[in-house]
Amino acid sequence: MNIYEFITPSDPITFKADDDKVAFTCALLLGNGKAGCENKATGESLPTMLMFAKDPDKDIQDFIGGDFKDFLETNKPKIAECFKSFAYGSVYDRQTFDDACDAITDPEKLKEFKAKHEDKNRSSMSKWVKGAWQYGERMS
């Protein structure tokens with residue numbers, strides 16, 4: 001599982017995905033083509049800033065290797081899990097966050113911990129992480 005950075009002008013946000021195509025899809029949908037995304041293992045930026053693209057539909061198809069709707073449907077469980085993995089904090093904070101989540105076995109307590117973490121670590125009015133979680137729940 002790779003760690004990615006969702007790049008916005010405000011807070012550091014990380015998330016996890018099995019591959020770049022799933023990460024690209026989540027960052028593209030959540031950021032609406034206006035947020036960046038970087039694979040922290042490889043240092044590669046994914047082309048999610050489609051607001052600058054001449055032909056966004058072609059760029060999406062080229063990156064994922066086919067039709068976007070088909071990719072969404074085929075990869076729905078992976079995309080949902082990716083959205084649920086979003087968290088405020090840097091790559092360096094990610095392991096601590098993951099360790100805390102792994103230690104909490106009660107689903108309600110985990111939900112409470114994540115909500116408090118999101119509220120405490122978000123400095124802007126934008127609720128990127130909460131939005132990602134909502135996408136993940138809707139896709140599950």
Side-chain angles (χ1 to χ4, degrees):
M1 188 77 63
N2 293 320
I3 294 176
Y4 294 83
E5 182 179 6
F6 181 71
I7 304 165
T8 68
S10 55
D11 301 306
I13 299 170
T14 58
F15 66 98
K16 293 180 169 184
D18 283 335
D19 64 63
D20 285 352
K21 292 177 184 179
V22 169
F24 168 85
T25 300
C26 291
L28 179 65
L29 289 172
L30 185 63
N32 200 25
K34 298 173 188 167
C37 182
E38 182 180 313
N39 180 327
K40 298 312 285 183
T42 64
E44 282 190 49
S45 291
L46 306 185
T48 56
M49 300 280 288
L50 292 178
M51 62 190 250
F52 301 115
K54 289 184 175 131
D55 189 350
D57 292 334
K58 183 182 180 320
D59 291 349
I60 292 169
Q61 286 182 354
D62 288 349
F63 191 82
I64 63 170
D67 182 71
F68 191 66
K69 287 182 183 178
D70 289 345
F71 183 82
L72 282 174
E73 197 56 41
T74 303
N75 293 282
K76 205 175 207 177
K78 287 181 181 181
I79 294 168
E81 286 307 308
C82 180
F83 275 130
K84 291 176 186 179
S85 77
F86 273 69
Y88 284 103
S90 70
V91 172
Y92 305 105
D93 300 326
R94 185 67 200 213
Q95 188 61 52
T96 303
F97 175 80
D98 288 342
D99 288 347
C101 289
D102 290 344
I104 302 170
T105 57
D106 180 307
E108 286 304 311
K109 294 283 185 194
L110 180 59
K111 189 175 180 179
E112 184 181 322
F113 168 76
K114 286 183 170 183
K116 285 181 181 177
H117 181 272
E118 190 264 353
D119 191 50
K120 184 175 96 175
N121 290 284
R122 177 180 44 82
S123 67
S124 72
M125 294 305 289
S126 300
K127 296 186 178 182
W128 295 105
V129 171
K130 187 174 183 180
W133 295 343
Q134 290 170 342
Y135 276 139
E137 286 303 317
R138 278 185 249 152
M139 294 186 84
S140 293

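In this text, all values refer to a predicted model and were calculated from it rather than measured experimentally.
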field: Smallest separation among heavy atoms of Ala115 and Trp133, with atom names
entry: N-CH2, 4.2 Å
- prompt: Which atoms form the tightest heavy-atom contact between Thr48 and Leu28, and what is the distance?
  reply: O-CD1, 3.8 Å
- prompt: So, does Asp119 use its side chain to make a donor-acceptor pair with the main chain of Lys116 at under 3.5 Å?
  reply: no
Test: Lys114 and Glu118 ion pair at under 4.0 Å: no
message: Between Tyr135 and Ile79, is the side chain to side chain contact (heavy atoms under 4.5 Å, CB included) condition met? List the steps.
response: CA-CA 9 Å; Tyr135 276 139; Ile79 294 168; over 6 Å; no
query: Is it true that a side-chain atom of Asn75 and a backbone atom of Lys78 form a donor plus acceptor pair closer than 3.5 Å?
result: no
query: What residues form a side-chain hydrogen bond (donor to acceptor under 3.5 Å, both in side chains) with Asn121, not counting sequence neighbours?
result: His117
- request: Could you walk me through whether Lys84 and Glu81 pass the salt bridge (Lys or Arg N to Asp or Glu O under 4.0 Å) test, one step at a time?
  value: CA-CA 5 Å; Lys84 291 176 186 179; Glu81 286 307 308; 3.6 Å; yes
CD-CG distance between Glu108 and Leu110, expressed to the nearest 0.5 angstrom: 9.5 Å
task: For residues Leu46 and Ala23, report the shortest heavy-atom separation together with the two atoms involved.
output: CD1-CB, 4.0 Å
- request: Identify the heavy atoms of Lys16 and Cys82 that sit nearest to each other, and give their distance.
  value: O-SG, 3.3 Å
query: With a 4.5 Å limit on heavy-atom distance, are the side chains of Arg94 and Ser85 in contact?
result: yes
query: Rounded to the nearest 0.5 Å, how far does CD of Glu38 lie from CD1 of Ile3?
result: 12.0 Å
statement: To the nearest 0.5 Å, atom OG1 of Thr25 lies from atom CD1 of Ile64 at 5.5 Å
- request: Return the minimal non-hydrogen interatomic distance between Ile7 and Cys37, and the atom names on each side.
  value: CD1-N, 4.1 Å
- prompt: So, Asp19 side chain and Lys21 main chain: donor-acceptor pair closer than 3.5 Å or not?
  reply: yes
- prompt: Phe63, Leu72: one ILVMFWY side-chain cluster at the under-4.5 Å cut-off?
  reply: yes
- request: Only counting residues at least two apart or in another chain, list the ones meeting salt bridge (charged side-chain N to carboxylate O under 4.0 Å, His left out) with Asp18.
  value: none
- request: Indicate whether the side chain of Asp99 and that of Thr96 have a donor and an acceptor atom separated by less than 3.5 Å.
  value: no
query: CG/Asp59 to CZ/Phe52 distance, rounded to the nearest 0.5 angstrom?
result: 13.5 Å
- prompt: Mind checking whether Leu29 and Ile13 sit in one hydrophobic cluster, side chains of I, L, V, M, F, W, Y counted as touching below 4.5 Å?
  reply: yes
Audit row: Phe15, Val129, side chain to side chain contact (heavy atoms under 4.5 Å, CB included) steps and yes/no: CA-CA 9 Å; Phe15 66 98; Val129 171; over 6 Å; no
- request: Using distance alone, with no hydrogens and no angle criterion, decide if Lys40 and Thr14 have a side-chain donor and acceptor under 3.5 Å apart.
  value: no
field: Distance-minimising heavy-atom pair for Phe24 and Pro47
entry: CE1-O, 3.3 Å
query: What distance separates Arg122 CZ from Asp11 CG, expressed to the nearest 0.5 Å?
result: 8.0 Å
task: Indicate, with yes or no, if Val22 and Met1 share a hydrophobic cluster defined by side-chain heavy-atom contacts under 4.5 Å among Ile, Leu, Val, Met, Phe, Trp and Tyr.
output: no
- request: Sort out for me which residue in Phe6, Phe83, Tyr88 forms a ring-ring contact (aromatic ring centres under 6.0 Å, His included) with Trp128.
  value: Phe6
query: With distance as the sole criterion, is a donor-acceptor pair present between the side chains of Gln61 and Asp57 under 3.5 Å?
result: no
